Peer 1: 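Before I ask anything, here is the structure I am working with.
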Protein chains: 2
Amino acid sequence: MLKLSKKIEYGIQALQYMANNSGSVISAKEISEQLNIPYEFLSKTLQILNKNGIIISQQGIKGGYILARDPKSTTVAEIIKALEENAIIVDCLSNDQENCDRINFCTIKNPMNKLQEKINFLLNNTTIAEFSEV
Amino acid sequence: MLKLSKKIEYGIQALQYMANNSGSVISAKEISEQLNIPYEFLSKTLQILNKNGIIISQQGIKGGYILARDPKSTTVAEIIKALEENAIIVDCLSNDQENCDRINFCTIKNPMNKLQEKINFLLNNTTIAEFSEV
DNA sequence: TTAATTCGGATAACAATAGTCCGATTTTTA
DNA sequence: TAAAAATCGGACTATTGTTATCCGAATTAA
């Protein structure tokens, strides 16, 4: 129902936190405590963001995470893509047609695609920087 | 994860079908068969759309549904609102604060609200008419 | 060597969505 | 007036997806 998952919500909030503390390596524990986000769940989220090149991890004691890039160049669209496979509003827009077992009856693909593209435009043009300018 | 529910997907498709057959009363059964949508599930959906004044029902044999208004004046936003209570991208944008147990830690409300408003604009400006112009 | 951290896989708990069942009511028409 | 075809309404079930947890391994600074 057009809601972002907690993984994405937590992810964005964590990135915002890192953006506001740029320069220092920040542990999952610190973010978890400061933002009241379940530690284990946040850890997973950060690991995925790390694998997708949005943040950089440093292992070991004194380890943690740091933004990989300027907050202005990390978009919400990228974050969503990293944390989920499909960010499509209806199944028939999926690349693998198997996702939509009603493909032969789908009469809404084109107009839905237009709407999807407009939403994508918004997500591509919203960056982490806008979340730290509060 | 930013996906529309089946209720909404089916609802839009059904409204599109009605728009393309305007003038005649159309039964849930016909729509269900033509679009390969589970009958009982579709029925519920149409009943809700009826209650919300988006379509008009006619009971009894030869009964069915018909659009309540010109397709140009029924927006996707209205349909979503009719079929779901909350169409918000994050919990903290809810009116009743109880929905967000992290409200005191929420640092993303303002920027998320801006994004929400942009999405709302899109949904308010996409009508059923655009779905029948295929 | 120890402590604090990330990493990775499995799994459990929970919630929401999707779908079904069934009986009641309405209305047309034969 | 009876039968048939439709909507209406509530309860229920099944399935899936999200959210969260557990635990052990690997890494690294001090």
Side-chain angles (χ1 to χ4, degrees), chain A residues 1-11 13-14 18 24-33 35-52 54-66 68 80 83-91 94 99-102, chain B residues 1-11 13-14 18 24-33 35-52 55-66 68 80 83-91 99-102:
Chain A
M1 19 50 153
L2 224 52
K3 179 161 292 183
L4 297 170
S5 67
K6 285 293 171 189
K7 212 156 46 170
I8 292 172
E9 183 179 329
Y10 294 160
Q13 223 184 334
M18 290 186 228
S24 48
V25 172
I26 300 169
S27 71
K29 194 184 171 209
E30 176 181 343
I31 298 174
S32 154
E33 287 172 353
L35 302 179
N36 199 34
I37 297 173
Y39 170 72
E40 300 276 3
F41 193 66
L42 177 65
S43 292
K44 296 288 185 225
T45 304
L46 296 177
Q47 285 168 33
I48 298 171
L49 292 177
N50 173 47
K51 273 192 187 168
N52 284 272
I54 291 172
I55 56 180
I56 294 169
S57 75
Q58 183 181 320
Q59 287 200 36
I61 197 170
K62 291 258 178 185
Y65 300 93
I66 194 165
I80 292 175
L83 295 175
E84 287 172 4
E85 295 113 38
N86 282 324
I88 49 176
I89 57 176
V90 286
D91 287 333
S94 170
N99 259 12
C100 186
D101 54 354
R102 298 181 46 261
Chain B
M1 17 54 150
L2 223 51
K3 179 160 293 185
L4 296 169
S5 67
K6 286 292 171 189
K7 212 156 42 170
I8 293 171
E9 184 179 328
Y10 295 160
Q13 224 184 333
M18 290 185 228
S24 48
V25 172
I26 300 168
S27 70
K29 193 183 171 212
E30 175 181 345
I31 300 175
S32 155
E33 286 171 355
L35 302 179
N36 198 35
I37 297 173
Y39 170 72
E40 299 277 1
F41 193 66
L42 177 65
S43 292
K44 296 289 184 224
T45 305
L46 295 177
Q47 284 168 34
I48 298 171
L49 292 177
N50 173 47
K51 274 192 188 168
N52 284 272
I55 57 181
I56 294 169
S57 76
Q58 182 181 319
Q59 287 199 35
I61 198 170
K62 291 257 181 187
Y65 300 93
I66 194 166
I80 292 176
L83 295 175
E84 289 172 3
E85 294 114 37
N86 281 323
I88 48 174
I89 57 175
V90 287
D91 287 332
N99 259 11
C100 186
D101 54 355
R102 298 180 48 260

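These numbers come from a predicted model, not from an experiment. In what follows, chains carry the letters A, B, and so on, assigned in the order in which the sequence lines appear, proteins first and then strands, with residues in each chain numbered from 1.
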Peer 1: Expressed as a whole number of angstroms, how long is the span from I56(A):CD1 to dT27(D):P?
Peer 2: 19 Å

Peer 1: Can you identify which nucleotide, out of dT6(C), dA10(C), dT28(C), has its nearest atom closest to the A28(A) side chain?
Peer 2: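 Ranking dT6(C), dA10(C), dT28(C) by closest atom to the A28(A) side chain puts dT6(C) first.
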
Peer 1: Just how far is it from atom CD of E9(B) to atom NZ of K6(B), taken to the nearest 0.5 Å?
Peer 2: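 Here the interatomic distance stands at 4.0 Å.
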
Peer 1: Check this for me: does the side-chain of K44(A) come within 3.5 Å of the base of dG9(C) through a donor and an acceptor?
Peer 2: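 Side chain to base: pair found, below 3.5 Å.
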
Peer 1: Starting the side chain at C-beta, find the nucleotide from dC8(D), dT29(C), dG19(C) nearest to K6(B).
Peer 2: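 When the side chain of K6(B) is considered, dG19(C) is the closest of dC8(D), dT29(C), dG19(C).
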
Peer 1: Tell me the interatomic distance from L42(A), atom CG, to dC7(C), atom P, rounded to whole angstroms.
Peer 2: 12 Å

Peer 1: What is the separation between atom CG on L46(B) and atom C1' on dG19(C), rounded to the nearest whole Å?
Peer 2: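 Taking CG of L46(B) and C1' of dG19(C), I get 15 Å after rounding.
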
Peer 1: Could you tell me the separation between the NZ atom of K7(A) and the P atom of dT18(D), rounded to a whole number of Å?
Peer 2: 7 Å

Peer 1: Taking atom CD of E84(B) and atom CG of L4(B), what is their separation to the nearest 0.5 Å?
Peer 2: 8.0 Å

Peer 1: Counting distance only, does the side-chain N/O of S32(A) pair as donor-acceptor with the main-chain N or O of I37(A) below 3.5 Å?
Peer 2: yes

Peer 1: Picking from dC8(D), dT6(C), dA29(D), which would you name as closest to the side chain of S57(A)?
Peer 2: dT6(C)

Peer 1: Could you check E84(B) against Q58(B) and say which one's nearest nucleotide on DNA chain C is further toward the 5' end?
Peer 2: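 In this pair, the answer is E84(B).
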
Peer 1: Touch check for K29(A), heavy atoms < 4.0 angstrom, all strands: base, sugar-phosphate only, or nothing?
Peer 2: sugar-phosphate

Peer 1: Please name the residue in the list I26(B), L49(B), I48(B), I66(B) that meets the side-chain contact (heavy atoms from CB on, under 4.5 Å) test with I55(B).
Peer 2: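 So the option named by the test is L49(B).
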
Peer 1: If you check every side-chain atom of I61(B), which of dT19(D), dT7(D), dA5(D) has the closest atom?
Peer 2: dA5(D)

Peer 1: In whole angstrom, give the distance that lies between atom CD of E40(B) and atom P of dA6(D).
Peer 2: 13 Å

Peer 1: Atom NZ of K62(B) to atom P of dA30(C): distance rounded to whole Å?
Peer 2: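 Taking NZ of K62(B) and P of dA30(C), I get 9 Å after rounding.
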
Peer 1: S27(B) side chain: which of dA30(D), dC21(C), dA6(D) is closest?
Peer 2: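 Between dA30(D), dC21(C), dA6(D), the one nearest the side chain of S27(B) would be dA6(D).
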
Peer 1: Please determine if a side-chain N or O atom of N50(B) lies less than 4.0 Å away from the OP1 or OP2 oxygen of dT7(D).
Peer 2: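 For dT7(D), neither OP1 nor OP2 has a side-chain N or O of N50(B) closer than 4.0 Å.
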
Peer 1: If you assign each of P38(A) and Y65(B) to its closest nucleotide in DNA chain D, which residue comes earlier from the 5' end?
Peer 2: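 The residue closer to the strand's 5' end, by nearest nucleotide, is Y65(B).
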
Peer 1: Nearest 0.5 Å, please: how far is CG in L83(B) from NZ in K7(B)?
Peer 2: 6.5 Å

Peer 1: Please tell me which of F41(A) and Y39(B) maps to the more 5' nucleotide of DNA chain D, matching each residue to the nucleotide holding its nearest heavy atom.
Peer 2: Y39(B)

Peer 1: Roughly, in whole Å, what's the span from CD1 in I88(B) to C1' in dA16(C)?
Peer 2: 15 Å

Peer 1: In terms of side-chain heavy atoms of Y10(B), which of dA4(C), dG19(C), dT7(D) is nearest?
Peer 2: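 So the side chain of Y10(B) is nearest to dG19(C).
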
Peer 1: Rounding to a whole Å, what distance do you find between K3(B):NZ and dG17(D):P?
Peer 2: 9 Å

